[in-house]
Structure formats: structure tokens, C-alpha cells
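Read the structure below first, then the notes.
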Amino acid sequence: MKTIVSRIEALTRERGYLYTLALILLRDLFLLPEEIADINPREHLNIQELTLLVGLFVKHAVDLTVPTEGESAKRFELTYQMFEELHKKYHEPFLEQINRLVSHGRGDGTPQENYRKIFGQGVTMAEPIFYSASGAYDFQYQEFAVKKYKNDTPWLRKQVGVDIAEMANIARKLKTLHERKFNDLFQASRPNFAEFCTAGLSVFCFGESDLSEFSPRAVRRFLEVFSLAPAATNAALELPGQYNEAQSRPIIRLGDGRWFLPIAFNLSEAIYESPFYWMNRDREYKDAALRHRGDFAEEVTAELLASTCGASKVYRNVQIIERKGQAITDIDVLAIVGNKAVIAQVKSKRLTEVAKRGDEKKLVADFELAVQEAYEQGLLSRTVLRNGKNKLFVEGAELQLTEPIDEAYILCVTVDSYPAVTHQVDVYLRKQANDPTPIALSILDLDVLTFYLRDPFEFAYYLRQRVALNHYFKADSEMSLLGYHLGHKLFRGEGTTKILDGSFAQLIDANFQVVRGSVPRTDAADKLRSTWRNEDFQTLIDQVKATREPKFTDAIFFLYDLSGQGADDLIKALRLTKGKTQADQQPHDMRLPMAETRSGITVLCEPSSPSILREKLLWLSEVAKYKSNADVWLGLGCLATSPRLVDVIVFANYERRYDPELESQAAQLRGKPMTAEGRKIGRNEPCPCKSGKKFKRCCGR
């Protein structure tokens, strides 16, 4: 691998490579917004590859000689060829391990141990770390940087000479300048290749006069801390994953009054990350900087959860106390959604340079501090929350919950982007067989998650599906899982595993930047759309939420579990039943069993009496649940005179057991299960629960 990298470095030293680099940057960074959702990422260099290329380029003096078109074309093609070779080199240890296991039959360990050997070895893990997505958007880094360092403003003004808000504004200005110059690039005619090269390079260059709206002192100090001089840096850079000064100081001094910013994204990332390291070098201030970093992490996590769960349902620094007064544990951020809880444990640990290069011991050690410890703390909190025997305190006051918590989802949140963390959870996490899997993500990922899942029940349902189907869905990032869920819903299908590629994350890329105002709107933004939503069904969901019945969260999850066709069928059943009662002023009901999931639904419509509706619905649902041998049952009741789809709901979620009284009542329950169209099922017809069996051998037994 070192040989390939040295060949790439040698290529960057060739006469006039600066202009070839500019052409590569134009191709791979300025993707048209309408193409983002469909682009093949393997045909482009990603941010990490481009940053490595720039880091190797600045190891030597910059030659400003314009190359010939033939020279540039050859170097252009060679660059992509060598990065393809580099990528293949990453796969060799993985293939060797596979061949070794195949040659020994199924390997010499359990399936879990063999999986760990293949995917957990350091050299194998280095590939998804280096080739993972950037983990954030530049505007996120700019926005969160201001919050992250708001308490450090006095130190930054005194020691650096420019505060964090000014840094973010300068970065925005430079990005806008890049975009304007790119749009102008193809407007004017370029009679020859040399002129096109010069114009292409100018897209990434600026002078101090371009920043005249900022104070000269702020600009000067900004350039001092975020720029580097070629030939005086990165002497030790020989492999991907090593420290690369082009990432923390992404502006290059060309020496002729111009400043070269090849990757504007890196500047935003550096503004978010670098100030902490500056402050950490100040012995007198580093403790305050660490404290501010921790406060920021918890504060922003709480803000993001509050944006979806509601500020009144989110609590910071929750202490769990035994009845004897002994503290058991504490929760960094706790969010409540009905009878469900979200436990967020926040860590500041980053993936270290040695780990990024594939040192397995360091990878595991970093994971231990960033995720494993947070998970174990969250797991303990989940256990004591669910047993309901302990007290919760927030700032000394006891927290009284309206419903007992029967499930809690664990979020392990990192302050910075943690490359390939989804994959690392899959490989490195230590847990008992029956313990739930945590969702490990950065604050930046949580920002996207809570933006799209604004409704608290949709957010909690996504977490529930992520945890329940963790071993079924495999993806390289949380964004791939979210993109798939928003379009198709996380449901188990055929087979033992479903692999989600990066195309689902690209749907998020195309949409999120538009809706957050970072790029203009295009048709690509509309490709992120749901194939399972139904307006009437959403109305039903909203009405169920409004009832605020005990455990109504479980009823909402039950409805979300219905497939697209199942949701449509339920709406048909409700409308048909209500139509019959409106026509003859007589009560009508339907029983819709689902044997495969040991569940079902009763639909009842009464002419006008709410009290009769509630009493009758409760009885019909309980008996139908028993008769159908079901563990979960939903009852939906409506009045013929009401404009609502549903006026009363009942929900039961407990194991079906023999009961002589219910046995007698079930025998008296008249009528057969029906289809959504209201047609009774014949004994020899396929069962409506879609089991594939005849009705008489399934729900009709």
C-alpha cells in the first residue's frame, strides 16, 4: 500500500500537476444537485481520497507551469487508476481471510467468532473507515461550531484574534465564492486548454480582497491558523489514516498573493474540530475547554431530541436512585415517548490516527471508550427504568412519569463523526444474547434523524425497528438505513440479511441540503419520498394519538407495523363498517385476524351512543383476541354521527392463555372474519391473514 501511495505522491510532483488537481476537484466536488441521488460513487474520488491527494501534493513545492492538454489528460487518468489500485489493496486482507476460512471448511470457531475474524481485523476495518461517507454536511459543521465554542469566545478572541462566528461566516463566504466562480467557468469561451486550466484553478483561489467585508485583522488571523505552506508540511504522510495537515489547515499559500482552497468542506470541518486542540494546548484553559465540550454535547443532544419529542419530555443529567437513596446510575439525556424511553449517553472520544490505519487493538480500545462504555451505562439505565422500582431525579426534583416505561432505546452519541461506527457496532460490541443493540451515531447524524422524524412516535418507531432488525439490515451508515426507512419502512423481508448500499444515503444527500437551504431545489430532492404512506391512514394515526389512552404508543406501533396494503385495507374496513351503520342505523363490526403475527383488529361502528360503543368494543375485542388465539389485538370504534375515522380505541398486548369464561363467550361470538371489503370468508378459501393456508385450517379453526 505504501508503494502505491508513493507513486501517487510522485505523480503530484510532476510539472503543472496543480492544474490537473484542479480539474479533478471540479469533476468530483461540483456534482450537479439533480445528479446527487443517482451518481455512482465508485466513479469519483471521495472526500478522504481527495484530501489524501492534496496532502501528498503539498509535501513539495507547487509548480505553477501550465501543462499541455496531453500531459494533463495522462496524469488525470493515472490518478484515478492508482486510487483504484489503492482501493483494491484494501480488499486483499479480507479476501485472504475468506480464503483461509474456506480452506478450513467453516473455520475453527463459532459463526460469530469467524465473522469477527473476517470483519473485525484491523486491516479489514481500515477500508470502511477510509472510504466511509464524510459523516456530515459543511453547513452542519458551521452551525454546530458556533454552539460548540460559544463559551470559549473570550479565549478565541484573545488567543486567536477571531471568534468562531467570524470563522463560520468566512467559510460560508469562500464556499459561495467557489460556487459563483464555478458557475461562471462555463459561461465564457476558453479558446485553448491553457486558459481553461487557469480558469479552472481560479475557481478554488481567492485573495484577501475577496474577504473585504470582514475586518483585515480577522482575515489575517483566520488565514494564519487555517493555511499551510507547501514543501514545509506532511513530511511523515505515507499512508491513508495518518495525520494530514491538509485536513486541519486546508488553505494553501501559492506565494503569488493567491490562496488555494481545494476542498471547502475540509475548512468547515476544521472550524468545528481544530479550536478544541488549540485550547487543549493551553494548560491553564484546557480543563475549561473540556468542560465546555461536554456541556455542548449534552446540550445539543437534548435540543435535538426536544425538537422531535417535545421540550417537556426531554431531561438532562437524570439520576436513578434506589428507594434506600443509593444512586444506581445516571442518564446524560432522557426522552419520553408515552411508555417508551430514549436513553442517550454522550461521549467525546474520537477515532485515533493509529486506529484509522488499522491497528486492531487501538480500534477496539477507541470503540470501548466511544461506544461500549456508553452502551453499558445505557443498558443499566434501561434495566432499572423498566423495572419501575426506582426513582428518577432531575436537579434534585423527583421526575414523575405518567406511564410506566416498558421499553427503552439506547443511543450512543459521539461529539465528532466516528467513521464506520455502524459496522464497528456489528463487529466489536460485547453484549448478552437477549440484550438490545444500541444505535451509535454522531450529533451530526442525530441532527438529520430528528429533522426527518419530527413526530415523536415516528422517531421512536424508527429506533424500535433499528434495534429489532439490527441483524437483518446491514448498511455502511445510519443515513443509508434512514433513507431506506423513509422510502420503504424498515420491515423484515425474505432471506436472512438485506444489504443496503449507499444509494439510500444519496437520497438523503439530495434532499437534506435542499430543505436546509444549502443548495437550490432540484427534481433529485423529490426522490426521497415514501411508498407506504396513506393520507387517511395518517389521519387515523393522528386520531389514535389524540385519544391518549394508556399504552397508546403500542397501538401506534401496531398500526405502523401494517404494510402499505394492510394500511389501505384497514381504512377500507373502517369506511365500509361506518357506511353500513349510517345506512341502516344498526351497529356493525368486522374481525380482521392476522395469524402470522398472532394479532388482529376489531372494527365496530355504533349509531350514536359513545358509552355503548366503548363497552361493546372492549368486549368484542377481548373475545375476538381470545377466539383468534392472538397475543396482540387492536379495537377501533367509531360513531355513525362523528366526522372522525375513530372515536374510541382499545389495545391489548399480552400472551393468550386459556380462560373458561372467555372460552364460553368466544363460542357465542357470531360471524366469521372478513376481508377489508366486508365479505365473509368461506371455510375453504385462503385465510385473510395471508398465511397461505385455508381459512378452516388457520384463523377459522
Tell me, please, which residues at least two apart from [X] pass salt bridge (Lys or Arg N to Asp or Glu O under 4.0 Å).
X	result
Arg656	none
Glu84	Arg42
Glu373	none

query: Is the ring centre of Tyr90 less than 6.0 Å from the ring centre of Tyr131?
result: yes
- prompt: By ring-ring contact (aromatic ring centres under 6.0 Å, His included), which residues pair with Tyr137, not counting sequence neighbours?
  reply: Phe139, Phe512
Among all residues two or more places apart in sequence or in another chain, which pass the side chain to side chain donor-acceptor pair (under 3.5 Å) test with [X]?
X	answer
Asn653	none
Thr308	none
Asp647	Ser642
Glu49	none

task: Over all heavy atoms of both residues, which pair between Ala344 and Leu305 is shortest? Give the atoms and the distance, please.
output: CB-CD1, 4.2 Å
Test side-chain contact (heavy atoms from CB on, under 4.5 Å) applied to [X] - qualifying residues, sequence neighbours left out:
X	answer
Arg464	Tyr409, Tyr461, Phe557, Asp561
Asp476	Ser480
Cys605	Thr577, Lys578, Thr581, Cys638, Ala640
Ser132	Pro419

field: Min side-chain heavy-atom separation Leu486-Leu453 under 4.5 Å
entry: yes
message: Quick one, Glu368 with Arg430, criterion salt bridge (charged side-chain N to carboxylate O under 4.0 Å, His left out). Give me CA distance, side-chain angles, the key distance, then yes/no.
response: CA-CA 9 Å; Glu368 183 81 20; Arg430 302 191 315 275; 2.7 Å; yes
- prompt: Within 45 degrees of the axis of the six-membered ring of Tyr654 and under 6.0 Å from its centre: does Lys625 put its NZ or CZ there?
  reply: yes
query: With no hydrogens and no angle check, do the side chains of Gln513 and Asp509 hold a donor and an acceptor under 3.5 Å apart?
result: no
task: Count the heavy atoms belonging to other residues, nucleotides or ligands that lie under 6.0 Å from NZ of Lys349, then report whether that count exceeds 12.
output: yes
message: Tell me whether the count of non-hydrogen atoms from other residues, nucleotides or ligands lying under 6.0 Å of CD in Gln465 goes above 12.
response: yes
task: Look at Lys431 together with Glu376 and state whether they make a salt bridge at an N to O cut-off of under 4.0 Å.
output: no
